[in-house]
A.B. asks: 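Please read through the structure below; I'll follow up with questions.
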Protein chains: 2
Amino acid sequence: MKTISRKDEIVKVAATLFRKRGYSAITMRDIASEMDIKAASLYNHISGKQEILADIILEVAQEFTTGMNQVISQQSSTLKKLENLIELHIDITLNHSEALASLNNDWMHLEGDNLNAFINMRDEYEDNFRELIKIGIEVNEIRSAHPEVILFSILSTLRTLHLWYEKRGKLDVNVLKKDMVSVLLKGIM
Amino acid sequence: MKTISRKDEIVKVAATLFRKRGYSAITMRDIASEMDIKAASLYNHISGKQEILADIILEVAQEFTTGMNQVISQQSSTLKKLENLIELHIDITLNHSEALASLNNDWMHLEGDNLNAFINMRDEYEDNFRELIKIGIEVNEIRSAHPEVILFSILSTLRTLHLWYEKRGKLDVNVLKKDMVSVLLKGIM
DNA sequence: GTCTATAGGATGATAGAC
DNA sequence: GTCTATCATCCTATAGAC
């Protein structure tokens, strides 16, 4: 029974616009115009432009944090956990493809507590990912070579998935997961 | 005998600011302030903000185009060519790390002919990369699997190299090249 | 090559009517 | 929940003095 509030609608429209031209280039008038109302009317539902950005970014960041915590608490091999992380990124990309552009490119325009919350979640996520790879090397599930380069390579690919998904059109989720796991993990085993 | 003109100085300062907060968020006053002059003085050297952005992005895009043309005209194996492309990205990243942020995130703010020129170069670059991978699969130098996913994975990593390089601090060029080639190509051979 | 002054318009946000 | 009207500020860019 999920009713879409007017605020949700604003955030969704804004995310689509932010993806194309970025937070700073989009005006409150742009967002309002896309909804066929006037800019002043937006303020009946949100406190300002900053709240929209925080809503877009922090919700997805929270999903990544929750997903990561689930994965690392599992009783399974490192490779299986990495596989689950790849699938986590794909699932979130399909469900929030507009928001990921803001998360990647506009997070620095968050202010105050919003900015701190985001940076903390992102750093923690990266640390967990790094630790996972290091453990994988220790237990010989991953070839002992360049852990930092492996981390960077996998994360770069996963973080820009939304660009590719947007461009290549809708692909079958399960095929996509299988292919990504194959290409990203075959080289490091 | 390369003298740095006042214009070059403006472009360089702007690129550093654009990297941190994006083209749209940076004002002419910000750029001028960073140079300890007034915004109006900038217009004695450049025609406007747009020219600065075009200067930053198109110079690097041209370097990628030139580099790609050299690589594909070589008489060597596909894997050797891919290796050279990885080294090309690393060399350009080290020489123009500030410009790469604008190239990745602010190219859509180019206007008119500048925008067309950029899109043409980028598409051609991608097509060449794609063709190289397909040929590699045909001649059995690359494992016949998911050419599109391989292309995306390698390109994503190379295109975000500047983020990593900025964060990890200065690394030895040759070590970096060796590690990147190893991690990016081991999985597809 | 830089300055002051300013044009001309856009921007985020508020007040108050309906 | 949306509107009109408006404020105070900021923006790119130009004109003309030094």
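Numbers restart at 1 for each chain; the letters A, B, ... are given by sequence-line order, proteins then strands.
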A.B. asks: Apply salt bridge (Lys or Arg N to Asp or Glu O under 4.0 Å) to the pair B/Lys134 and B/Glu131, showing each step before the final yes or no.
C.D. replies: CA-CA 5 Å; B/Lys134 282 185 181 166; B/Glu131 199 54 34; 5.1 Å; no

A.B. asks: Please check if A/Leu103 and B/Leu163 belong to a single hydrophobic cluster, counting links between Ile, Leu, Val, Met, Phe, Trp and Tyr side chain heavy atoms closer than 4.5 Å.
C.D. replies: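 The answer is no; the residues belong to distinct hydrophobic clusters.
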
A.B. asks: How many Å lie between CD on B/Glu111 and C1' on D/dT12, as a whole number?
C.D. replies: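 My rounded result for the distance is 12 Å.
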
A.B. asks: State whether the side chain of A/Asp179 and the backbone N or O of B/His146 hold a donor-acceptor pair below 3.5 Å, judged by distance alone.
C.D. replies: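 No; judged by distance alone, with no hydrogens or angles, the pair does not exist.
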
A.B. asks: Inspect the surroundings of CG in A/Asp123 and state if more than 12 heavy atoms from other residues, nucleotides or ligands are less than 6.0 Å away.
C.D. replies: yes

A.B. asks: Between C/dG1 and B/Ser41, is there an OP1 or OP2 to side-chain N/O distance shorter than 4.0 Å?
C.D. replies: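 No, because none of the side-chain N or O atoms of B/Ser41 sits under 4.0 Å from OP1 or OP2 of C/dG1.
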
A.B. asks: Checking side-chain contact (heavy atoms from CB on, under 4.5 Å) against B/Ile10, which of B/His45, B/Glu51, B/Glu34 comes through?
C.D. replies: B/His45

A.B. asks: Regarding A/Arg130 and A/Glu148, does a basic nitrogen lie under 4.0 Å from an acidic carboxylate oxygen?
C.D. replies: yes

A.B. asks: Look at all strands and tell whether A/Ala39 reaches a base, only sugar-phosphate, or nothing, counting heavy atoms closer than 4.0 Å.
C.D. replies: nothing

A.B. asks: Have a look at the helix from C/dG1-D/dC18 to C/dC18-D/dG1 and give the angle its two end axes make, five pairs each, rounded to 10 degrees.
C.D. replies: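 What I find for the helix from C/dG1-D/dC18 to C/dC18-D/dG1 is an axis angle of 10°.
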
A.B. asks: Can you tell me the distance, in whole Å, between the CE atom of B/Met35 and the P atom of C/dC3?
C.D. replies: 11 Å

A.B. asks: Which residues in residues 44-55 of chain B have a heavy atom closer than 4.0 Å to any atom of DNA chain D?
C.D. replies: B/Gly48, B/Lys49

A.B. asks: Salt bridge or not for B/Arg159 and B/Glu126, using N-O below 4.0 Å?
C.D. replies: yes

A.B. asks: A/Ile37 has an atom CD1; how far is it from atom P of D/dT2, in whole Å?
C.D. replies: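 Going from A/Ile37 (CD1) to D/dT2 (P), I get 5 Å.
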
A.B. asks: Is the count of non-hydrogen atoms from other residues, nucleotides or ligands lying under 6.0 Å from B/Asp172 atom CG greater than 12?
C.D. replies: yes

A.B. asks: Once you round it to whole Å, what is the distance between C1' of C/dT4 and OH of B/Tyr43?
C.D. replies: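 One finds 16 Å between C1' of C/dT4 and OH of B/Tyr43, rounded.
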
A.B. asks: Tell me, with the steps shown, if A/Arg6 and A/Glu9 meet salt bridge (Lys or Arg N to Asp or Glu O under 4.0 Å).
C.D. replies: CA-CA 5 Å; A/Arg6 202 82 173 106; A/Glu9 213 177 324; 3.0 Å; yes

A.B. asks: Taking ring pair (Phe, Tyr, Trp, His ring centres under 6.0 Å) as the criterion, tell me which of A/Tyr125, A/Trp107, A/Phe64 meets it with A/Phe118.
C.D. replies: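 Passing option: A/Trp107.
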
A.B. asks: Measure the distance from CG on A/Leu42 to P on C/dT14 and round it to the nearest whole Å.
C.D. replies: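 Computing the A/Leu42:CG to C/dT14:P distance gives 12 Å.
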
A.B. asks: Does atom NZ (B/Lys177) have a neighbourhood of more than 12 heavy atoms from anything else shown, all under 6.0 Å?
C.D. replies: yes

A.B. asks: Could you tell me the separation between the CG atom of B/Asp36 and the C1' atom of C/dG1, rounded to a whole number of Å?
C.D. replies: 15 Å

A.B. asks: Among residues 11-34 of chain B, which ones have heavy-atom contacts with DNA chain D below 4.0 Å?
C.D. replies: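 Output list: B/Ile26, B/Thr27, B/Met28, B/Arg29.
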
